*Asks:* 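The structure under discussion is supplied below as C-alpha cells; questions concerning it will follow.
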Amino acid sequence: MPEKPSLDGVEERWDAVWQEQGTYRFDRTAARDGVYAIDTPPPTVSGSLHVGHVFSYTHTDLVARYQRMRGKAVFYPMGWDDNGLPTERRVQNYYGVRCDPSQPYDPSFEPPEKPDPKAQVPLSRQGFVELCHRLTAEDEKAFEALFKRLGLSVDWEHTYATIDDRSRRVAQRAFLRNLARGEAYATDAPTLWDVDFRTAVAQAELEDREMPGAYHRVGFSRPDGEKVFIETTRPELLPACVALVAHPDDERYQPLFGTTVTTPLFGVEVPVVAHELADPEKGSGIAMICTFGDTTDVTWWRELQLPVRSVVGRDGRFLPVPPEPVDPDGPYAELAGKGVKQAQKRIVELLAESGDLVGEPRAITHPVKFFEKGDRPLEIVTSRQWYVRNGGRDADLRDALVERGRELAWQPGFMRSRYENWVGGLNGDWLISRQRFFGVPFPLWYPLDAAGEPVYDRPLLPDEARLPVDPTSDVPDGYTEDQRDRPGGFTADPDVMDTWATSSLSPQIAGQWEDDPDLFARVFPMDLRPQAHDIIRTWLFSTVVRSHLEHGSLPWTHAMLSGWILDPDRKKMSKSKGNVVTPMHLLEQYGSDAVRYWAASARPGTDTAFDEGQMKVGRRLAVKLLNASKFALGFPEAPEGPVTEPLDRALLAQLADVVDEATRAFEAYDPARALERTETFFWTFCDDYIELVKGRAYGEGPAADSARRALRTALDVLLRLFAPALPFAAEEVWSWWREGSVHRAPWPDAAALRPEGDVDAGVLDRAAAVLSEVRKAKSSAKTSQRTPVLRLVLQGAEPAYAPFLEDLRNAAVVEGSVEYAGDGDELVPVVELGEAPAKVAR
RNA sequence: GGACGUAUAGCUCAGCUGGUUAGAGCGCACGCUUCACACGCGUGAGGUCGCAGGUUCGAGUCCUGCUACGUCCACCA
C-alpha cells in the first residue's frame, strides 16, 4: 500500500497489466448461455474520436464489466469502420490525390509531399485503396490507444475492420445469398444522386436542409394561344419537362386535362395530366413534371407512365445533347455543359427576354434533400443499382420487420417507436450500390455479348470458397484475364457496396460467421447492440434486415441507445458544427475514471450536456476511494469472526440494500442509477461511519475487531460496486490487499453480506443525525470541529443511544456529560461547547 | 401535418409502482490546518416541481388540454 495514494499513471500501469494477464479475454469454451456477446459499434475511422464516443463507449463498457463480474464470458470485440466515403474523402485531402480508375496501377507511387487540394494527383483504383489502408491503419492505432486509456474492457484479440478480408468475405457471401434467394436485385431506375461524390445514395442517408430558392412564374402556351402559368423553383429543368399536372378535382384545370401545352423557349408539346398528389394550394395549383426535379416527379413519372427527358448528367452539369425532341441548336445550346446554378441563371434571363417569365422571382427558403455527407443538393438520375429488399415495397416483409422490432428489448423503451416510424415510412427498397472505390466490391461479373454489351440477367457468380473476390482483378470461372472487357468475354460489376451494407453484418463479422462456426454458435444471436439513436434507421434497422433474411432471427436480444452530447449551448456536438471536444486532454487532465464517471452518470438514451464539472466530481470520488481505502486498510486485519456491534451491522445491512439496488439497476441497463446509489452510500460511509468507528477501531478487543471486519467487508463490496465505473481506482485499491483483478471478482452478493439475525439498520442514521447536529453547533459557533463538547443533552431515552454512545462520544469529541431529555423524539440535541483547542502549526 | 422525448434550486441532474417539512453534486456564503484525504473537512442559504384543469383523503409523481425546447418522419412544384 503506497504512502501517498495517487491516480497518476494508473491508466498506463493497469492497461499494461490487463493486456498481459488477458483480463478481458473471451473464454471461447463457454457455452452460449454463459456468454454475453456485444455487437460493439465500429467507429468510423476518419479523423479523431470525440467526447461523444467516450460517452457512449463507456456505457457499453459498464455493462460489459458488470456482466463479466456476474460470471459471464463477455464477448466484447472491436471493429473499425474504415471503408466508405468518409475515408475516401479524408484520403483525398490528406494525400492530395483522387481516384481515377482509368489510371494504371503504379506500385512505386508516393503521394505528393505537400498536398495541393486544387491539383489532386490522379491515382489508380488499387493505388488509392492502398492509401486508404495506409491512413486508416494509422488512425486505428490512435483509436485503440485512446480506448485503452479510457479503460474499455474490449478483447483486443477480437478486432475487425470493415474493409478487411473477413468483412469482405462476409459481406460478399451475405450478398450472394440474398441474390440467390431473390432478396437482392439490380434495376435501372431514377436514383438520388450526389453530383460531387458521383454516387447514388440511399433513403436512409438523406437529410433536409433549408435552402434559399425562388418561385418563378412561367407561362406555357395552349394551342389557342392562351397561357397556363406554373410556378417552379427549378426553371432550369424546363427542357426536362414531360407534362403539367393538377389535382383531378381542381375545377380551374379540369378543362385542360387531356390537352397539350407547349413549353416556353423549347417549344416541346407536353400533356396536361391529373394526379392526386398535386396540391391546388401550392403555387398556381398546377405544376410541371420534370425528369427529375424531386421525388414527387419520380412518383408522377412512374404512375402516369411519362417519358424520360434527362438534362442533368452525373457530374451535375447539363448534358451536351438535350433529350428528344428538344432542339440541340436552340436555347439549349447555351445550357449544355453548365452547372445547375449557372443554367438556372441563364434560363431565367432567356425566359425574361422571351417574356415567358411573369414578374420577378419570389424568394423563399425551402427544404432541399442532401446526402448527409454531401455539399450540394441531390439530383435524380437514372442508373443501374443494386437493392436489397427491406419491406419498402413489400407489406409482408415490412410487417415481419416491425414484429422483429417488437421482439427486441429496447433501452430506453421509447426508442422502439423511432424504429417503427422509420420502417412504416419506407418508400423503396434499400439501395446498397455505390459508384465508389474504397468499399466491398460486388462479387460478380457479366458476360459480354458479341457487341460487347453486358448481359445483366446472366451474372457470373464466384463460388463462396473463392471469397473475397475483387472482380476488377479476379477472373470468373471459365474465363481468362485476356477476355476482360472484350466482346464475348466478361466485365466486372464496377460498383462497391455502401458501408452500411457491410456494417449491417457486424454480428456476423465479429462472430466469424461460416469461417468459425464454433465461435459463431457461441455468440450469435448476440445479447447487446449498443449504439446512438440517430442511426436506428441505418445501422440498427439494416442489421435487423440482414439477420432476418439470413438467419430468421433477431441479431441480438437487447438494444441500448445512447443519447447525444450537447455542448454548453445545448446543441448537438458534431464535427460539422465545429463544437467538438476531443477527449485525450480530458483523460489526461481529470483521469480516465473521472471522465468515465461523467459518462456513467447519464441515463442511457438521454442527451447529456458536456460538463467538466462532473469530471471534477468524478476525480474527487476516485481520489476519495483511494484515501478512504488506505485508511480502512490501515487498521490491522481482525481474525475471522462475526460483526457484532450494532453500528457495524447496520452498515452492512444498508450496504446489502445498495447491492440489491445496484444489481437491479444494472439488470435494467441503468448503470447510472447503480453508480448513484453506490456513490451516495460511499459518502455516508466516509463522512459518518468511518468517523464514528475509527476511535473504536484503533482500540483492542471484540468491539474493535467488529469494526475492522466491517470496514474491510464494506470496502471489498464497494470496490466491486465501483469497478465498472471506476476501473482504475478500484483495481488500484484491490491490488493493495486482494489477489487477482477486481474485474474478474464476482459481483457482490447481497444475501451473503447481510448480517445474520435481527439488524436495526436505523442506528447508523440516528448516530449520523446526532453527529450532524453537533457539527452544526460547532460550525455555528465558528469553532474547530475538535472543540470538546462539555455537555450533550440527547432528546429521548437512553436505550435509543446506548448502542452507539461510545462511538458518538468519540466522533463528536464529547468530553463532558451526556444527558437524556427523556421525552420527545426530535433529534435536536443541546450542545454545550468548551474551549477550542490550541491551534497547532502544521 | 404525424410520432417520440424533455421541462424539478443559478448550473447539471435524481426523485422507481402517488404518502410525513421536495433531494444530490457543482457554484455561492460562512467556517475549520480534525491524527485517510487542501485533488480536503464541516455548516448554511437557494425551489408556488413549465402553465391550466381533473382524479384522489393526499399529486413533482396519474389523466386531459396547452406552452416551450429537442429529435425523427412526412411535405419539397
Side-chain angles (χ1 to χ4, degrees), chain A residues 4-7 208 211 213 215-216 230-234 237 244-246 277-279 282-290 293-297 300 366-369 412 414-422 424-425 427 533-534 536-537 563-564 566 568 570-572 590-591 594 598 601-603 605-614 616-617 619-634 661 664-665 668 670 672-673 676-677 679-680 683 686-687 690-691 694 698 772 774-787 811 813 836-837 839-842:
Chain A
K4 186 110 178 130
S6 165
L7 291 174
D208 288 347
M211 298 293 287
Y215 279 120
H216 301 75
I230 60 107
E231 294 202 353
T232 177
T233 56
R234 300 205 59 183
L237 292 181
L244 297 190
V245 64
L277 267 182
D279 181 357
K282 198 165 279 181
S284 57
I286 186 164
M288 71 170 179
I289 302 173
C290 306
D294 60 36
T295 49
T296 317
D297 280 342
W300 281 327
H366 62 153
V368 177
K369 278 196 198 312
F414 65 78
M415 291 291 181
R416 172 183 291 124
S417 61
R418 300 197 180 191
Y419 174 93
E420 296 195 0
N421 227 330
W422 175 254
N427 56 27
H533 59 70
D534 53 338
I536 290 175
R537 65 178 184 167
W564 284 337
L566 309 175
R570 302 205 70 85
K571 293 271 178 283
K572 183 197 174 189
Y590 299 104
W598 159 71
S601 301
R603 295 199 328 283
T606 310
D607 291 349
T608 302
F610 173 71
D611 185 3
E612 290 193 47
Q614 280 297 102
K616 289 184 190 157
V617 173
R619 181 168 182 88
R620 206 165 69 102
L621 176 63
V623 169
K624 190 78 174 180
L625 188 58
L626 298 185
N627 285 315
S629 301
K630 182 194 163 201
F631 185 61
L633 294 172
E661 278 194 70
R664 265 201 303 277
D670 188 3
R673 187 180 176 83
E676 192 269 333
R677 293 293 299 119
E679 187 190 4
T680 300
W683 285 108
C686 291
D687 297 343
I690 289 183
E691 292 300 321
K694 67 182 180 187
Y698 274 126
S772 170
V774 174
R775 284 169 175 160
K776 188 192 293 191
K778 292 179 181 179
S779 229
S780 311
K782 301 198 170 181
T783 187
S784 163
Q785 293 293 326
R786 280 156 57 221
T787 301
V813 201
K839 297 197 172 191
V840 186
R842 210 181 203 196

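Here the structure is a predicted model, which means the values were calculated and not measured. Letters A, B, ... are given to chains in the order of the sequence lines, protein chains preceding strands, and every chain is numbered from 1.
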*Asks:* Does A:K616 put a side-chain nitrogen or oxygen below 4.0 Å from OP1 or OP2 of B:rC26?
*Replies:*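 It does not, given that no N or O in the side chain of A:K616 lies less than 4.0 Å from OP1 or OP2 of B:rC26.
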
*Asks:* Determine whether a donor-acceptor pair (one donor, one acceptor, N or O, separation below 3.5 Å) exists between the side chain of A:D208 and the base of B:rC75.
*Replies:*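 Checked by distance alone, the answer is yes.
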
*Asks:* Indicate, with a heavy-atom threshold strictly under 4.0 Å, whether A:C290 touches base, sugar-phosphate, or nothing.
*Replies:*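 Nothing: the residue A:C290, judged by heavy atoms under 4.0 Å, touches no strand.
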
*Asks:* Within this structure, what is the CG-to-P distance between A:D297 and B:rC75, rounded to whole angstrom?
*Replies:*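 These atoms are roughly 13 Å apart.
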
*Asks:* I'd like to know if the side chain of A:K369 and the backbone of A:D208 have a donor-acceptor N/O pair within less than 3.5 Å.
*Replies:*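 No, the answer is negative, given that no donor and acceptor are paired below the 3.5 Å cut-off.
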
*Asks:* Using a 4.5 Å cut-off on heavy atoms from C-beta on, say whether the side chain of A:R619 contacts that of A:Q614.
*Replies:*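 Heavy-atom side-chain distance check fails, nothing below 4.5 Å.
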
*Asks:* Would you check if the side chain of A:S780 reaches a backbone N or O of A:K776 as a donor-acceptor pair within less than 3.5 Å?
*Replies:*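 Side chain of A:S780 to backbone of A:K776, a donor-acceptor pair under 3.5 Å: yes, one is there.
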
*Asks:* Please name the nucleotide paired to B:rU33 by Watson-Crick or G-U wobble geometry with both distances under 3.5 Å, or report none.
*Replies:*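 Paired with B:rU33, as far as the under-3.5 Å criterion goes, is no nucleotide at all.
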
*Asks:* Between A:K630 and A:S779, name the one whose nearest nucleotide on RNA chain B is closer to the 5' end.
*Replies:*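 It is A:K630, whose closest nucleotide lies nearer the 5' terminus.
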
*Asks:* With nearest nucleotides of RNA chain B determined for A:I690 and A:V617 from heavy-atom distances, which residue corresponds to the more 5′ nucleotide?
*Replies:*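 Its nucleotide being nearer the 5' end, the pick is A:V617.
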
*Asks:* Using a heavy-atom cut-off of 4.0 Å across all strands, would you classify A:A632 as base, sugar-phosphate, or nothing?
*Replies:*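 No contact.
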
*Asks:* Using only atom types and a distance under 3.5 Å, with no angle test, would you say the side chain of A:S629 pairs donor to acceptor with the backbone of A:L625?
*Replies:*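 Yes.
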
*Asks:* Does the side chain of A:H366 get closer than 4.0 angstrom to OP1 or OP2 of B:rA77 through an N or O atom?
*Replies:*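 True: A:H366 side-chain N/O within range (under 4.0 Å) of B:rA77 OP1/OP2.
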
*Asks:* Considering every strand and a 4.0 Å limit on heavy-atom distances, what is the contact class for A:D687: base, sugar-phosphate, or nothing?
*Replies:*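 The answer is sugar-phosphate, as A:D687 gets under 4.0 Å only of primed atoms, P, OP1 or OP2.
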
*Asks:* Can you check the distance between B:rA29 and B:rC66, where both ends of the measurement are the C1' atom (answer in whole Å)?
*Replies:*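 It comes out at 40 Å once rounded to the nearest Å.
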
*Asks:* Parallel under 30°, tilted from 30 to 60°, perpendicular over 60°: which one fits the rings of A:W598 and A:F610?
*Replies:*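 A:W598 vs A:F610 ring planes: perpendicular.
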
*Asks:* Within the structure shown, what part of the strands sits under 4.0 Å from A:T295 by heavy-atom distance: base, sugar-phosphate, or nothing?
*Replies:*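 It contacts nothing in the nucleic acid.
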
*Asks:* I need the minimum non-hydrogen distance between A:M288 and A:R234, along with the two atoms involved.
*Replies:*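 What the structure gives for the nearest pair is CE-O, 3.6 Å.
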
*Asks:* Can you find a side chain N or O atom of A:Y698 that sits less than 4.0 Å from OP1 or OP2 on B:rA36?
*Replies:*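 Checking B:rA36 against A:Y698, a side-chain N or O does come within under 4.0 Å of OP1 or OP2.
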
*Asks:* Write down the partner of B:rC69 under the Watson-Crick or G-U wobble criteria, each distance required to be under 3.5 Å.
*Replies:*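 Here B:rC69 is engaged in a pair, and the nucleotide opposite it is B:rG5.
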
*Asks:* In whole Å, what is the span from the CH2 atom of A:W683 to the P atom of B:rC37?
*Replies:*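 Value for this atom pair: 14 Å.
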
*Asks:* What integer number of Å spans the C1' atoms of B:rC26 and B:rG44?
*Replies:*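 Between the two C1' atoms, the distance is 16 Å.
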
*Asks:* Within the structure shown, what part of the strands sits under 4.0 Å from A:R775 by heavy-atom distance: base, sugar-phosphate, or nothing?
*Replies:*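 Sugar-phosphate, no base atom in range.
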
*Asks:* Using Watson-Crick or G-U wobble geometry with both distances below 3.5 Å, tell me the partner of B:rC62, or none.
*Replies:*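 Across all strands, the one nucleotide that pairs with B:rC62 is B:rG54.
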
*Asks:* Which one, B:rC72, B:rG5, B:rA77, comes nearest to the side chain of A:W300?
*Replies:*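 So the side chain of A:W300 is nearest to B:rA77.
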
*Asks:* Is any side-chain N or O of A:R786 closer than 4.0 Å to OP1 or OP2 of B:rG42?
*Replies:*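 It does not, given that no N or O in the side chain of A:R786 lies less than 4.0 Å from OP1 or OP2 of B:rG42.
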
*Asks:* Determine whether A:I536 and A:M415 make a side-chain contact, defined as any pair of heavy atoms from C-beta on separated by less than 4.5 Å.
*Replies:*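 Heavy-atom side-chain distance check passes, below 4.5 Å.
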
*Asks:* Would you mind pulling out the nucleotide paired to B:rA77, Watson-Crick or G-U wobble, both distances under 3.5 Å?
*Replies:*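 Because no pair has both required distances under 3.5 Å, B:rA77 counts as unpaired.
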
*Asks:* A:R620 has an atom CZ; how far is it from atom P of B:rC26, in whole Å?
*Replies:*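 Between P of B:rC26 and CZ of A:R620: 5 Å.
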
*Asks:* Determine the interatomic distance between C1' on B:rG53 and the same-named atom on B:rU67; round to the nearest Å.
*Replies:*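 Straight-line distance between the two C1' atoms is 15 Å.
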
*Asks:* Would you please confirm or rule out a distance under 4.0 Å between OP1 or OP2 of B:rA38 and any side-chain N or O of A:K4?
*Replies:*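 Yes, because at least one side-chain N or O of A:K4 sits under 4.0 Å from OP1 or OP2 of B:rA38.
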
*Asks:* Which nucleotide sits closest to the side chain of A:Q785: B:rA36, B:rG42, B:rC76?
*Replies:*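 For A:Q785, the side-chain atoms sit closest to B:rG42.
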
*Asks:* In Watson-Crick or G-U wobble terms, both distances under 3.5 Å, what is the partner of B:rC11?
*Replies:*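 Pairing partner, where one exists within any strand: B:rG25.
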
*Asks:* In whole angstrom, give me the gap between the P atoms of B:rG15 and B:rU61.
*Replies:*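 My reading of the P atoms in B:rG15 and B:rU61 gives 14 Å.
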
*Asks:* Using a cut-off of strictly less than 4.0 Å, decide whether A:T296 has a side-chain nitrogen or oxygen near OP1 or OP2 of B:rA77.
*Replies:*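 A:T296 to B:rA77 OP1/OP2: no side-chain N or O under 4.0 Å.
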
*Asks:* Can you tell which of B:rC75, B:rA77, B:rU34 lies closest to the side chain of A:P367?
*Replies:*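 Shortest atom-to-atom distance from the side chain points to B:rC75.
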
*Asks:* For B:rG18 versus B:rC63, give the span between their C1' atoms, rounded off to a whole number of Å.
*Replies:*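 Result for the C1' pair: 13 Å, nearest Å.
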
*Asks:* What integer number of Å spans the C1' atoms of B:rC51 and B:rA7?
*Replies:*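 To the nearest whole Å, 11 Å.
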
*Asks:* Could you tell me how far apart A:E661 (CD) and B:rC16 (C1') are, to the nearest whole angstrom?
*Replies:*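 Nearest whole value for this atom pair: 9 Å.
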
*Asks:* Determine which nucleotide pairs with B:rU20, using a 3.5 Å limit on both distances of a Watson-Crick or G-U wobble pair.
*Replies:*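 The answer is none; no pair meets the criterion.
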
*Asks:* What's the CH2-P distance between A:W598 and B:rC13, to the nearest Å?
*Replies:*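 After rounding, the reported distance stands at 11 Å.
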
*Asks:* Between the side chain of A:T608 and the main-chain N/O of A:T606, is any donor-acceptor distance below 3.5 Å?
*Replies:*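 Checking the backbone N and O of A:T606 against the side chain of A:T608, a donor-acceptor pair under 3.5 Å is found.
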
*Asks:* Determine the Euclidean distance between corresponding P atoms of B:rA52 and B:rC28; express it in Å to zero decimal places.
*Replies:*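 Nearest-Å result for B:rC28 against B:rA52 at atom P: 34 Å.
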
*Asks:* Which part of the nucleic acid does A:E691 contact within heavy-atom distance under 4.0 Å: base, sugar-phosphate only, or nothing?
*Replies:*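 Here A:E691 touches the bases of the nucleic acid.
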
*Asks:* Does OP1 or OP2 of B:rA3 have a side-chain N or O of A:S417 closer than 4.0 Å?
*Replies:*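 Negative; the distance criterion is not met.
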
*Asks:* B:rU34 and B:rU20: how far apart are their C1' atoms, nearest whole angstrom?
*Replies:*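 Each nucleotide's C1' atom is 36 Å from the other's.
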
*Asks:* Please report the distance, rounded to the nearest Å, between CG in A:D294 and C1' in B:rC76.
*Replies:*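 Whole-Å distance recorded here is 6 Å.
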
*Asks:* Could you state the atom-to-atom distance from CG of A:D279 to C1' of B:rC75 in whole Å?
*Replies:*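 So the two atoms are 9 Å apart, to the nearest Å.
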
*Asks:* Would you classify A:K782 as touching base, sugar-phosphate or nothing, given that sugar-phosphate means primed atoms plus P, OP1 and OP2, and contacts are heavy atoms under 4.0 Å?
*Replies:*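 Sugar-phosphate, no base atom in range.
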
*Asks:* Does A:K282 reach a base, just sugar-phosphate, or nothing at all? Heavy atoms under 4.0 Å.
*Replies:*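 The residue A:K282 makes base contact.
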
*Asks:* For a quick check of understanding: with a heavy-atom distance under 4.0 Å over all strands, which category does A:V623 fall into, base, sugar-phosphate or nothing?
*Replies:*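 Base contact - A:V623 has a heavy atom under 4.0 Å of at least one base atom.
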
*Asks:* What's A:R234 touching, base or sugar-phosphate or nothing? Going by heavy atoms closer than 4.0 Å.
*Replies:*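 If one applies the 4.0 Å heavy-atom cut-off, A:R234 turns out to touch nothing in the nucleic acid.
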
*Asks:* Between B:rU12 atom P and A:L621 atom CG, what is the distance in whole Å?
*Replies:*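 Whole-Å distance recorded here is 22 Å.
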
*Asks:* Counting the atoms with a prime plus P, OP1 and OP2 as sugar-phosphate, which does A:N421 contact under 4.0 Å by heavy atoms, base, sugar-phosphate, or nothing?
*Replies:*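 If one applies the 4.0 Å heavy-atom cut-off, A:N421 turns out to touch a base.
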
*Asks:* Would you say B:rA36 has OP1 or OP2 under 4.0 Å from some side-chain N or O of A:S629?
*Replies:*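 For B:rA36, OP1/OP2 do not have a side-chain N/O of A:S629 under 4.0 Å.
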
*Asks:* Is there a donor-acceptor pair closer than 3.5 Å between any side-chain N or O of A:D607 and the backbone N or O of A:W564?
*Replies:*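 Such a contact is found between A:D607 side chain and A:W564 backbone.
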
*Asks:* Does B:rG46 sit syn or anti, given that only angles within 90° of 0 count as syn?
*Replies:*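 Judged by the O4'-C1' to base torsion, B:rG46 sits in syn, the angle falling within 90° of 0.
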
*Asks:* Given the ring of A:W422, does A:R416 sit roughly above its face, with NZ or CZ under 6.0 Å from the centre of the six-membered ring and within 45° of the axis?
*Replies:*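 Negative - A:R416 is either too far from the ring of A:W422 or too far off its axis.
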
